[in-house]
2 protein chains.
Amino acid sequence: MSHMGYVRLMTLDREQVLRSAAALLTRKSTATMDEVAKAAGIGRATLHRHFAGRDALVKALENLGLQEFEAALDAARLDEDTSEEGLRRLIAAVEPSAGLMSFLVNENQLFEGDEVNEGWNRADARVSAFFRRGQERGEFRIDLTPAWLTEALYGLVGTGAWSIQAGRVAAQDFQYMIVELLLGGARRSVEQ
Amino acid sequence: MSHMGYVRLMTLDREQVLRSAAALLTRKSTATMDEVAKAAGIGRATLHRHFAGRDALVKALENLGLQEFEAALDAARLDEDTSEEGLRRLIAAVEPSAGLMSFLVNENQLFEGDEVNEGWNRADARVSAFFRRGQERGEFRIDLTPAWLTEALYGLVGTGAWSIQAGRVAAQDFQYMIVELLLGGARRSVEQ
DNA sequence: CCCATGTGAGACATCTTCGTCTCATCGAAG
DNA sequence: CTTCGATGAGACGAAGATGTCTCACATGGG
């Protein structure tokens, strides 16, 4: 099948390689191309055939992560229902991609002034707009800016993914921990 | 003055170098020894005279960050007053070191299974114990584990430092953003 | 059966960074 | 002024990673 895989946007092999690369780079962001190849169960030469170089690999990971995050944004249906339920759905939808997102968030910090993948600006805008809508509806407090809430969301998702990875918190608590902290904070409120 | 500087635990020069190194590495964690030296306004050779190698430099940064964080823990007097006020004091005390801490938190993720600086375990224990006490006093909710609250604290401090660095949030809001989100979350409560 | 494609292994030159070293210079103490 | 210590600049080899290339092999289609 010389045309195998072209029925999809991304070859199955290629995606599997990206998956394992994401898993490895999430743990060790300085991993070698050779380590990435070994982790994917392929040779370094084959890795280079799929991705021109390390930059191309990282860029592909960016696109994959962005694609998954936007899919999560879609799946969360942030407009429907209450903002709280929307946030719960978003965190739930983003959980499978949390590790990859954590890597990308840290990775983006390296691009000092460089242009960031335009897609991330779009995603940021969607999250930020979600928080702003929640504020306008009176569901979110207005003394925390949407920009900060957006950053905090990314930060907590990354922290959560890493804490689980390090074994400091239980994997099953991922969604609950993040949503509850993000929504209600640590203070014991009268409502409980 | 052949003995200059030895009146202190750390030579003034040495500390200044560490400060600028921390500032640079916070922004670009992969910075070269040469870049670190340039940023400190000294030659690469001199940098190597102060710190045997990159490992030694990072270790020195770890010690500096740990020292500052423990000083912040002391200054916060976490036992006195309410837990809420203690947390406010801690975040306020930690703000000047936020960038360095952000770097170290990310850096620690690289030490896969390696032993972590024992001092960090002590610091973690103090923070974790603070949250546990708050729970026992009925000031913090008990459905979020102290371990997670500790991780979230680190994560938000790092996210805050980075968000300011990136210009996405105002520097003056650092303490308020973090404390308010950590304590009360994003949900608009009846108390307001 | 034969061929084409994709692959793994490895060789290879190149590049970057690192750590060390030398040497000329500068400044302060004596 | 002289001397000693610290510094900056630069050269140097070592080590590691990268990107390219070749070659043998396996598999699947014709």
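Values reported hereafter were calculated over all heavy atoms of this structure, with side chains retained and with hydrogens, waters and symmetry mates removed. Chain letters run A, B, ... following the sequence lines, proteins first, then strands; residues in each count from 1.
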Practice task
Would you confirm whether B/Ser97, through its side chain, and B/Glu68, through its main-chain N or O, come within 3.5 Å as a donor-acceptor pair?
Solution key: no
Practice task
Look only at the side chain of A/Thr32 and the backbone of A/Glu35, and say whether a donor-acceptor pair between them is shorter than 3.5 Å.
Solution key: no
Anything under 3.5 Å between a protein N or O and an N or O of nucleotides 13-17 of chain D, put it in a table, one pair a line.
unit_1, atom_1, unit_2, atom_2, d
D/dA17, OP1, A/Thr32, OG1, 3.2

Specify the separation, in whole Å, of atom [atom1] of [X] and atom [atom2] of [N].
{"X": "B/His48", "N": "D/dG8", "atom1": "NE2", "atom2": "C1'", "value": "15 Å"}
{"X": "B/Asp34", "N": "D/dT7", "atom1": "CG", "atom2": "P", "value": "17 Å"}
{"X": "A/Ile42", "N": "C/dG6", "atom1": "CD1", "atom2": "P", "value": "14 Å"}
{"X": "A/Phe51", "N": "D/dT18", "atom1": "CZ", "atom2": "C1'", "value": "17 Å"}
{"X": "B/Leu47", "N": "C/dC21", "atom1": "CG", "atom2": "P", "value": "16 Å"}

Handout entry: From D/dG8, C/dA9, D/dT7, nucleotide with atom closest to A/Ala45 side chain
Key = C/dA9
Practice task
Return yes if the base of D/dG10 and the side-chain atoms of B/Arg44 contain a donor-acceptor N/O pair under 3.5 Å, otherwise no.
Solution key: no
Practice task
Indicate, yes or no, whether a donor-acceptor pair under 3.5 Å links the base of C/dG8 to the side chain of A/Arg49.
Solution key: yes
Problem - Salt-bridge contact A/Glu139-B/Arg187 (side-chain N to carboxylate O under 4.0 Å) - result: no
Practice task
Apply salt bridge (charged side-chain N to carboxylate O under 4.0 Å, His left out) to A/Glu136 and list each qualifying residue two or more places apart in sequence or on a separate chain.
Solution key: none
Exercise for the section: Not counting sequence neighbours, which residues clear ring-ring contact (aromatic ring centres under 6.0 Å, His included) with B/Phe140? List them please. Expected result: B/Phe130, B/Phe131
Exercise for the section: Give the C-alpha distance, both sets of side-chain angles, the deciding distance and a yes or no for salt bridge (charged side-chain N to carboxylate O under 4.0 Å, His left out) between B/Arg122 and B/Glu118. Expected result: CA-CA 7 Å; B/Arg122 259 185 298 132; B/Glu118 181 56 34; 5.8 Å; no
Fill in the blank from the handout: By nearest-heavy-atom nucleotide on DNA chain D, the more 5' of A/Ala52 and B/Lys38 is B/Lys38
